[in-house]
S.K.: 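This is the structure I want to talk about, given as structure tokens.
In the text below, chain A, chain B and the rest are named by the order of the sequence lines, each starting its count at 1. Source: prediction; values computed, not measured.
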Number of protein chains: 2
Amino acid sequence: MDDKTRAKYELRARIIKAMAHPTRLFIVSQLSQGEKCVCELTRMVGADISTVSKHLAVMKNVGIVQDRKEGSQVFYSLRCPCILEFFECVESVLRTTAAEQLALAE
Amino acid sequence: MDDKTRAKYELRARIIKAMAHPTRLFIVSQLSQGEKCVCELTRMVGADISTVSKHLAVMKNVGIVQDRKEGSQVFYSLRCPCILEFFECVESVLRTTAAEQLALAE
DNA sequence: TGGCGATTTGGCTAAAATGCCAAGTGTTTC
DNA sequence: GAAACACTTGGCATTTTAGCCAAATCGCCA
């Protein structure tokens, strides 16, 4: 793998890595229903607000979400709705695995 | 976030995490063109064979790839081709980011 | 059977990711 | 202008990854 190829996959990996966390996935699915402010997400997640803020920063850094300030609040939203397709594929992997285990149990 | 919801997103995150690495993404893209044995992937990646083997094990554990033994070789292949849709979405995130930066540079 | 090539697994160290608390920055309100 | 919010950032301890070497397996063939 040459340097250029490596750089290409590192860029891609950064984006996927930014989604590879349960809390961040949960946030993405919430944002798919519309923008939300940090405090609302914090309530839903049930973690420290600083933790949620950092999760959002991770996703913002790679361009998955964008933010908008309104007064003292910050609203986050998805920047690329296609992110949701990830979910469908992931579900399909889970289903395939489940089906296989069912078959083995017969 | 209740326990059930948390478990659901942890399961999803495990799958995405298994892809969140440059080398593993490279391997996935190679496998999208057909099954390959560990030694061939090792040559392409250019790392220690034990490293490549472990990367493959990570993806196999979550059901992204499957393996097939033939003599002393082990061939790996994608189990869910939809994985490739991840790439398209990731590219779209990258394009959006690039376009935005271009606009800012004007 | 002994050796060789192909893989996996164990072990270990270095690097990266998490999550909470505390502290700092803006905003709004009284 | 002080107190109360809404966030972000710094710091730090803990856990999780990564990747190489060495050792153990497994199949093949002379």
S.K.: Are I16(B) and V58(B) linked, directly or through intermediate hydrophobic residues, by side-chain heavy-atom contacts shorter than 4.5 Å (ILVMFWY only)?
M.R.: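 Different clusters: V58(B) never reaches I16(B) through Ile, Leu, Val, Met, Phe, Trp or Tyr contacts under 4.5 Å.
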
S.K.: Tell me the interatomic distance from H55(A), atom NE2, to dC7(D), atom C1', rounded to whole angstroms.
M.R.: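 Result: 15 Å.
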
S.K.: Please list residues of residues 64-74 of chain A whose heavy atoms come under 4.0 Å from any atom in DNA chain C, ordered by number; otherwise none.
M.R.: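 Within this stretch, G71(A), S72(A) sit under 4.0 Å of the strand.
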
S.K.: Would you indicate which nucleotide in dC20(C), dT7(C), dC7(D) comes nearest to any side-chain atom of V38(B)?
M.R.: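 So the nucleotide nearest the side chain must be dT7(C).
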
S.K.: Closer than 4.0 Å, any side-chain N/O of H21(A) to the OP1 or OP2 of dG19(C)?
M.R.: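 Result: yes.
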
S.K.: Which whole-number value in Å describes the distance from I27(B) CD1 to dT7(C) P?
M.R.: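 Atom CD1 in I27(B) sits about 12 Å away from atom P in dT7(C).
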
S.K.: Given D67(B), which partner from the list V74(B), L56(B), V38(B) fulfils the side chain to side chain contact (heavy atoms under 4.5 Å, CB included) test?
M.R.: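 Considering V74(B), L56(B), V38(B), a side chain to side chain contact (heavy atoms under 4.5 Å, CB included) with D67(B) is found only for V74(B).
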
S.K.: One thing to verify: whether E88(B) and R95(B) come together as a salt bridge, which I'm taking to mean a side-chain N less than 4.0 angstrom from a carboxylate O.
M.R.: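 No, no charged N to carboxylate O under 4.0 Å.
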
S.K.: Could you check how far CZ of R43(A) sits from C1' of dA6(D), rounded to whole Å?
M.R.: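 Distance, rounded to whole Å: 11 Å.
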
S.K.: Taking C-beta and beyond as the side chain, do Q66(B) and L78(B) meet within less than 4.5 Å on heavy atoms?
M.R.: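 Sidechains of L78(B) and Q66(B): no contact.
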
S.K.: Specify the separation, in whole Å, of atom CE of M59(B) and atom P of dT17(D).
M.R.: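 M59(B) atom CE is separated from dT17(D) atom P by 15 Å.
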
S.K.: Answer yes or no: does a side-chain N or O of S53(A) lie under 4.0 Å from OP1 or OP2 of dT8(D)?
M.R.: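 So the side-chain polar atoms of S53(A) do come within 4.0 Å of the phosphate oxygens OP1 or OP2 of dT8(D), strictly under.
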
S.K.: Please report, rounded to the nearest Å, how far the P atom of dA18(D) is from the CG atom of L25(B).
M.R.: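 Between P of dA18(D) and CG of L25(B): 11 Å.
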
S.K.: Considering heavy-atom distances to DNA chain D, does R24(B) or L56(A) have its closest nucleotide positioned more toward the 5' end?
M.R.: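 Final value for this comparison: L56(A).
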
S.K.: Taking atom C1' of dA6(D) as reference, at what distance in whole Å does atom OH of Y76(A) sit?
M.R.: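 Roughly 11 Å, once rounded to whole Å.
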
S.K.: Can you tell me how far CG of L31(A) sits from CG of L41(A), rounded to the nearest 0.5 angstrom?
M.R.: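 So the gap between those two atoms works out to 5.5 Å.
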
S.K.: What is the nucleic acid contact for F75(A), judged by heavy atoms within less than 4.0 Å: base, sugar-phosphate only, or nothing?
M.R.: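 The answer is nothing, as F75(A) stays clear of every strand by at least 4.0 Å.
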
S.K.: Between dT17(D) atom P and K54(B) atom NZ, what is the distance in whole Å?
M.R.: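 Rounded to the whole Å, the gap is 13 Å.
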
S.K.: With a 3.5 Å cut-off and just heavy-atom distances, do the side chain of S50(B) and the base of dC21(D) make a donor-acceptor pair?
M.R.: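 Flag set: donor-acceptor pair detected.
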
S.K.: Quick check for you: among dC20(C), dT17(D), dC21(D), whose closest atom lies nearest to any side-chain atom of K17(B)?
M.R.: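 Nucleotide nearest to K17(B)'s side chain: dT17(D).
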
S.K.: Pick the closest DNA chain C nucleotide for T23(A) and for I49(B) by heavy atoms, then say which residue is nearer the 5' end.
M.R.: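 So the residue in question is I49(B).
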
S.K.: Using a heavy-atom cut-off of under 4.0 Å over every strand shown, decide if K60(A) touches base, sugar-phosphate, or nothing.
M.R.: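 Here K60(A) touches no strand at all.
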
S.K.: Do T23(A) and R6(B) get their side chains close enough for a donor-acceptor pair, meaning under 3.5 Å?
M.R.: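 The criterion, which ignores hydrogens and geometry beyond distance, is not satisfied for R6(B) and T23(A).
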
S.K.: Can a salt bridge be assigned to the pair R68(A) and E70(A) using a cut-off of 4.0 Å between side-chain N and carboxylate O?
M.R.: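 Yes, charged N to carboxylate O under 4.0 Å.
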
S.K.: Please report the distance, rounded to the nearest Å, between NZ in K36(B) and P in dT7(C).
M.R.: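 Rounded to whole Å, this separation is 14 Å.
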
